[in-house]
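Below: the structure, in C-alpha cells.
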Amino acid sequence: MSAPTDTKAPQQPQPKRKFTFPSALTVLAIVTIAVWALAFLIPSGQYDRNDSGAPIQGTYHRVDSGQTIVDRLNDLFLSPVNGLYGILDPETAVVAPDNTGDLYGSAGVFLFVLAIGAFITVVFATGALDRGIGRLAHRLRDRGALLIAGIMVVFSVLGTVEGFAEETLGFYGLIVPLMLALGYDRMTAVGAIILGAGVGVMCSTVNPFATGVASSAADISLGDGIILRFIMWIVLTAVTVAYVIRYAKRVEKHPERSLSGFLPGDRDQAQAEAHAVEVPELTGLHKAVLTVTALVFAFMIFSVVPWSSALTGKADATPYGFELGWSFPQLAALFLVAAVLVGIVARMGEQKLSATIIQGAADFISPALVILLARGVTVIMNNSKITDTVLHSIEGVVKGTSSGVFAIIVFVVNLPLAFLIPSTSGHATLAMPILAPLADFADVSRAVVVTAWQAASGWMNLWVPTTAVTIGGVALAKVGYDKYLRFIWPLLAILFVLICGFVAAGAAWT
C-alpha cells in the first residue's frame, strides 16, 4: 500500500504590505497627542502683549500654567470641539467651549470651506468648466506652444483663486492624446497639467484653502499682501510655462531626448486619436455659468482687498468708502448664495440643486475637519501656556537677522513641515500662530509670512509622492515617477531661488 500523498498546495508567501502615508486627519491626531504629551515637558511662559494683542519682543517670562492633570486630559478630549468653537476668556486666557469672550475656534473658516465646496461642486455639476477647458484645448490643438500656454494659464488662474488641483485629474484623457498628436510626449502633458495648476496654488492670491486659512490663522485680512502675491504669480507662471514649452519643443525636434519615452502606438496612432476627440460646443447656459463663476471670484477679490493700503502703500491708510473689508463670515454667505445662483442659471431644479450643495459640502468636510483638528492643537498649546515658549525659542534663531533673511528662513523652515503635514489647510492652521508673531519681532508684515508659507507648501506639493495630484497624474499619464522627478528638478531649483528673492524683497518692501 502506497503512502498517502500530501494534497495540500504549497503555501504561497504573503506579499509584503506597502507603507501608505497616513491621511492628514491621522497625522494631525498623532500631532495632537504628541503636543499634549510634550506640554508636560516644555516649561510654560508668556510674553507681555500690546494693545493689539501682539507679543512684545524681549518680555518673555516663565509662568505657572495652573493646570491639573484633569484639566490637561479635558483639553485633549475637547481639542476638536475647542478647535471649532472654543471661546477665549479675556481674563484667564483659557479656551473652552462654555467660556464667555472672543471666538478662538475656526468655526468661520470651517463654514467657509463647506460653502466654497458647495459652490465649486455645483459649478462642476453643470459641466461648464470641464467643457470650457475642453473647448480651449480642442481649438488650440494645431498650435502646440499656444495650446500648452493656454492650458497652463487657465489651470494657474484656477489654482491661484480657488486651489484648483485634484480637479485636474479628469483632463488627462483629453490632453495626453492632444500632446502626442502634436509631436510631444506624455511628460509634456504631465508638465502642462501638474505644473500649470501647481504654480497657481504655489502663488495663491486669494485661494481660500491656502491664503484664506493662513490669513485667518495669522489674524490678517485675506487681501493683505495680494500685490506681492500677484506679481509673484505672474512671474513664476511665466517661468513655468516657458520651461514646459522649451521641453516640448526639444522633444518635438529630438524625440529620442524624451524623458518619458513613448509607449507602443504613441507615435503612430496619436494623430488620429487627437482629431477623433470631439468636444461639444459651449451652450448659452454654459457661457452663463462661466460668466457667473468669473464674476463671483472677481467680487470675492474686490471684497477682501484693502484698497486704500494697496494703492497708497500705507498700512494704516483710512479705508475708502467703497471698501467692503469682508472676512470669512461674509465670504461663506457669498458662496452659498452663489451656489444657489449658479444652480438657478443652470436650471438644475430644486431637488438636484439641494442634493448637489449637500454633496459639495460633504466632499469638503475632510479639509474642514483638518482645520479644526489643527486649531485644536493650538488650543492645547495655549491652555498649557507653551505657545510663547516655543515662539521664544524660535525668536532666538531669527533674532538679529535682516528682514529679507528672516523671510527666507520662514520659507525654508516650512518645507519639511509641508511634507509632514500634507494638508495645506492643516499646515496653515498649525504653523501660523507660531510664525505670524515672529514677523512682529522682525518688523515684517505678517502677509509676507503667509506668502512664504504658502510658497513652501506649494513648492513641496509639486513633487512629493504624498499628494494625489502628483502620483495620480503620473499614473494616469503612464509616466514613471522617477522620470517625472528628472523632468522637474531643474525647475524646482529655479523656483526655489525666485521664491527666496520674492519673499526677501517683499519683507524689505514692507
Side-chain angles (χ1 to χ4, degrees), residues 133-157 159 168-169 171-200 202-203 233-279 459 462-463 469-498:
I133 295 173
R135 288 301 306 168
L136 173 68
H138 189 67
R139 182 170 296 180
L140 299 178
R141 65 189 182 280
D142 296 322
R143 288 170 281 180
L146 192 58
L147 171 62
I148 294 171
I151 291 171
M152 294 186 70
V153 169
V154 170
F155 283 176
S156 183
V157 169
T168 59
L169 296 175
F171 292 96
Y172 282 87
L174 172 66
I175 294 174
V176 168
L178 283 173
M179 293 300 173
L180 292 172
L182 294 169
Y184 307 137
D185 62 354
R186 293 172 179 267
M187 188 68 77
T188 304
V190 170
I193 298 172
I194 294 179
L195 299 182
V199 73
M202 184 175 65
C203 303
W233 171 70
I234 291 176
V235 174
L236 268 61
T237 297
V239 169
T240 304
V241 171
Y243 181 86
V244 176
I245 290 177
R246 180 176 177 270
Y247 170 82
K249 289 185 174 179
R250 186 183 73 188
V251 171
E252 184 180 23
K253 291 181 180 179
H254 305 285
E256 70 278 2
R257 298 183 65 183
S258 167
L259 292 177
S260 61
F262 297 92
L263 298 178
D266 276 358
R267 305 291 287 169
D268 302 328
Q269 302 177 15
Q271 188 77 28
E273 289 177 2
H275 287 288
V277 176
E278 288 293 338
V279 180
W459 187 87
L462 289 177
W463 65 273
V469 176
T470 300
I471 292 300
V474 297
L476 286 170
K478 299 180 181 178
V479 170
Y481 176 66
D482 58 327
K483 297 176 181 177
Y484 173 72
L485 292 180
R486 286 180 56 198
F487 164 72
I488 198 178
W489 79 260
L491 177 64
L492 290 174
I494 295 170
L495 293 177
F496 185 95
V497 173
L498 289 174

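Being a predicted model, the structure only gives us computed values, none of them experimental. Residues take their numbers from the sequence shown, with the count starting at 1.
Counting only heavy atoms from C-beta outward, the side chains of Val190 and Lys483 never approach each other to under 4.5 Å. Residues Tyr247 and Ile148 are not in side-chain contact: their nearest non-hydrogen atoms beyond the backbone lie 4.5 Å or more apart. Contact check for Lys478 versus Val176: no side-chain heavy atoms found under the 4.5 Å cut-off.
Checked against Leu462 for a side chain to side chain contact (heavy atoms under 4.5 Å, CB included), the options Ile488, Thr240, Leu491, Val199 give a single hit: Ile488.
Distance CD1/Ile151 to CG/Leu178: 7.0 Å, rounded to 0.5 Å. Going from atom CG of Leu495 over to atom CH2 of Trp459 covers 9.0 Å, rounded to the nearest 0.5 Å. Rounding to the nearest 0.5 Å places CD1 of Ile471 at 11.0 Å from CH2 of Trp463. Here the OG1-CG distance, from Thr168 to Leu195, works out to 10.5 Å after rounding to the nearest 0.5 Å. Taking CG of Asp185 as the start and CZ of Arg250 as the end, the distance is 9.0 Å to the nearest 0.5 Å.
Remark: the backbone N or O of Ala477 is paired with a side-chain donor or acceptor of Arg186 at under 3.5 angstrom.
Among all heavy-atom pairs drawn from Ile245 and Ala149, the shortest one is CD1-CB, 4.2 Å. The minimum heavy-atom distance between Ala145 and Lys249, with the atom names listed, is CB-CE, 4.3 Å. In terms of heavy atoms, Ile175 sits closest to Ala189 at CG2-CB, 4.2 Å. Considering every non-hydrogen atom in both Gly191 and Met152, the closest pair reads O-CE, 4.0 Å. In terms of heavy-atom proximity, Thr188 sits nearest to Ala248 at CG2-CB, 3.7 Å. When all heavy atoms of Met187 and Ser260 are compared, the closest pair comes out as N-OG, 3.4 Å.
Tyr484 and Phe487 have tilted rings, their planes meeting at an angle from 30° to 60° on a 0 to 90° scale.
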